[in-house]
Amino acid sequence: MRFHIHTYGCQMNVRDSEAVEALLVAAGHEKACGEADADLVVVNSCTVRQKAEEKAVGKAGNLIAAGKVVGLMGCAVKRMGEDVFRRLPRLDFAVGPRAYGLIPRIVEEGRYPRLELGDDMVPECLAAHVESGWQAYVTVLLGCDNRCSYCIVPDVRGHEYSRPAREVVAEVSALAGRGVREVCLLGQSVLRYGVRNAAWDERDAPSPGGYAEAFPRLLEAVAAIPGIERIRFTSAHPGGCTDELVRAYREFPQVCRHLHLPVQSGSDRILAGMGRRYTRAEYLAAVAKLRAFDPEFSVTTDVIVGYPGETERDFEDTRSLMEEAGFDNAFVFKYSPRPGTRSAALPDDVPTAEKERRDQVLLADQEARGLRRNGELVGTVREVLAEGPSKRVAGRWSGRDSGNRIVVWDVGGKSYAPGEKVMVKVLEVHPQVLVGVPVA
Ligand code: 5AD
Ligand code: SF4
């Protein structure tokens with residue numbers, strides 16, 4: 001069949017879709033140019049907020065109406081269970097976020113409708129990749145056991161499971177052999193790698209640097225793989241910002257100077273209600289530790305506005321925390337109750353218009369802060385890996401520095417290859433972009 005995959009949601013979903021693509025190609029199917037051109041369309045869904053779920057379900061509905069064979073995969077499937085066929089009566093198949101490995105067989109058998117939720121299943125095909133480019137995502141931790149009050153992820157992505165470090169190292173080595181130079185290690189709370197189940201065992205050689213914690217030790221092992229120039233990972237919880245993690249940042253220049261560290265709120269009262277297991281002071285201490293090691297260290301975050309009971313004072317605490325933390329970038333989300341989560345039992349009492357206002361205030365603050373933080377980088381030279389031509393301005397290329405900041409420069413008649421290292425001197429900044437010129 002000619003297939004197309006449409007992906008919503010986070011990097012984990014992007015990675016899962018890539019694995020499905022590789023599996024379908026291995027099974028003899030052909031990638032279509034787009035959905036119009038496809039016989040089979042798989043929609044990979046997100047359910048973190050209600051709107052996200054509606055988008056994926058709406059998309060699948062349109063594709064069904066267009067006469068395609070349609071499969072829905074991912075987080076929304078697990079949340080809806082059998083209800084998915086009430087919402088989409090003519091859907092052909094639906095697989096949960098850990099069951100995507102079954103897709104080639106389901107398509108082969110063609111016995112529709114079919115539902116596979118997968119629960120805590122560990123896909124056998126975690127290492128399936130398509131041949132592509134110099135960057136790759138690598139899943140290291142499945143599921144999540146954090147159980148924050150508002151979050152649907154533990155219900156849909158199952159319990160935590162850390163892949164054996166040996167498997168991760170083998171996967172990254174294979175990718176490096178195919179020209180990959182930047183990997184991003186993925187897990188919902190990736191610093192909990194090796195906490196619920198052991199990731200290292202007695203068959204593994206001891207850590208050369210004496211790392212005792214599973215994740216920093218994994219960074220050490222991945223940094224030792226020839227050809228891997230950059231290592232990123234996401235997402236993090238301040239509880240994982242240990243001295244060993246900072247040591248790994250310091251000792252391995254491949255480990256990028258950036259951490260996405262969702263804070264969610266700056267109010268201790270709300271943080272306690274959310275079950276985040278840190279206080280405002282502890283969060284700020286984690287940020288200070290990273291910036292003490294490198295003042296340019298980039299910290300980005302997620303924030304929820306309008307959590308049940310969030311007062312003006314709680315909101316102002318979030319504002320001031322964001323200022324104190326000096327975030328380099330921030331994603332702001334309006335609280336959306338998710339069925340079955342603990343906070344769904346609380347009244348969703350912040351009016352939509354007020355959530356909207358708080359969202360706008362935080363975004364405006366972040367624009368100013370981003371401009372100020374980036375302004376401190378004017379005149380510095382960034383080591384950039386080139387990604388491709390800028391989508392906004394013709395004649396420019398764009399890439400990222402170690403801090404994950406977007407850097408653009410005028411090509412001035414020169415040609416660049418994706419993944420090429422370019423040293424760029426910063427001349428001018430925007431809240432989320434650095435503009436510069438290449439230097440020798
Ligand atoms: N409502 C709004 N935002 C949410 N997030 C997670 N659950 C919800 C929810 N119920 C946000 C968090 C998380 C990001 C991926 O999505 O900020 O870090
Ligand atoms: Fe969406 Fe969360 Fe699932 Fe990612 S893990 S796709 S953000 S629900």
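Residue indices begin at 1 and follow the sequence shown. Every number for a ligand or one of its atoms is a count from 1 in the order of the listing. Bear in mind that the values here come from a model prediction, so they are computed numbers and not experimental data.
Heavy atoms of Q11 stay at 4.0 angstrom or farther from ligand 2. Within the structure, ligand 2 has R157 among the residues with a heavy atom less than 4.0 angstrom away.
When only non-hydrogen protein atoms are considered, atom 15 (C) of ligand 1 lies nearest to D302 OD2, 3.7 Å. The protein non-hydrogen atom at the shortest distance from atom 10 (N) of ligand 1 is S336 O, 2.7 Å.
Short contacts between ligand 1 and Y335, defined as distances under 4.0 Å to a heavy atom of the residue, involve ligand atoms 1 (N), 2 (C). Listed by atom number, the atoms of ligand 1 under 4.0 Å from Q264 heavy atoms are 12 (C), 13 (C), 17 (O), 18 (O). Every atom of ligand 2 with a heavy atom of T47 under 4.0 Å away is listed here by number and element: 1 (Fe), 8 (S). Counting atoms of ligand 1 from 1 in the listed order, those under 4.0 Å from a heavy atom of R338 are 10 (N). Those atoms of ligand 1 that come under 4.0 Å of a heavy atom in R49, given as number and element, are 1 (N), 2 (C), 3 (N), 4 (C), 5 (N), 11 (C), 16 (O). Each of the atoms 5 (S) of ligand 2 lies under 4.0 Å from some heavy atom of Q188. Interface of Y150 with ligand 1, defined as ligand atoms under 4.0 Å from a residue heavy atom, comprises 6 (C), 7 (N), 8 (C), 10 (N). Numbered from 1 in the order shown, with element, the atoms of ligand 2 that lie under 4.0 Å from a heavy atom of C10 read 4 (Fe), 5 (S), 6 (S), 7 (S). Atoms of ligand 2 found under 4.0 Å from any heavy atom of V153, numbered from 1 in the order shown, are 2 (Fe), 5 (S).
Relative orientation of the F331 and F333 rings is parallel, given thresholds of 30° and 60° on the angle between their planes. Between F233 and Y249, the ring planes lie tilted relative to each other; the angle falls in the 30° to 60° range. Using a 30° and 60° split on the angle between ring planes, Y150 and Y307 fall in the perpendicular class, above 60°.
Not one N or O on the side chain of K289 forms a donor-acceptor pair closer than 3.5 Å with the backbone of V246. E18 places a side-chain N or O within donor-acceptor distance of the main-chain N or O of V130, the cut-off being under 3.5 Å. Without hydrogens or angle criteria, N374 side chain to H430 main chain gives a donor-acceptor distance under 3.5 Å. Listed for the R157 side chain is no donor-acceptor partner under 3.5 Å among the backbone atoms of G74.
Under 4.0 Å from ligand 1, the heavy atoms of I304 that appear belong solely to its side chain. Using a 4.0 Å cut-off between heavy atoms, C75 contacts ligand 2 through its side chain alone, with no backbone atom that close. Within the 4.0 Å heavy-atom criterion, the part of F333 lying near ligand 1 is the side chain and not the backbone. Under 4.0 Å from ligand 2, the heavy atoms of N13 that appear belong solely to its side chain.
Side-chain contact, Q360 with R357: no donor N or O sits under 3.5 Å from an acceptor N or O.
Using a 4.0 Å cut-off between a side-chain N of Lys or Arg and a carboxylate O of Asp or Glu, D39 and K68 do not qualify as a salt bridge.
Backbone or side-chain N, O or S atoms of C46 do not reach atom 3 (Fe) of ligand 2 at under 2.8 Å.
The heavy atom nearest to atom 8 (C) of ligand 1, out of those in T301, T47, V48, is found in V48.
Two residues are said to be in side-chain contact when any heavy atoms from C-beta on lie closer than 4.5 Å; L72 and L91 meet this criterion.
The CG atom of L102 lies 9.5 Å from the CD atom of E109; values are rounded to the nearest 0.5 Å.
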Would M12 and S17 count as a side-chain contact (heavy atoms from CB on, under 4.5 Å) here? Give the steps.
CA-CA 9 Å; M12 329 281 151; S17 291; over 6 Å; no

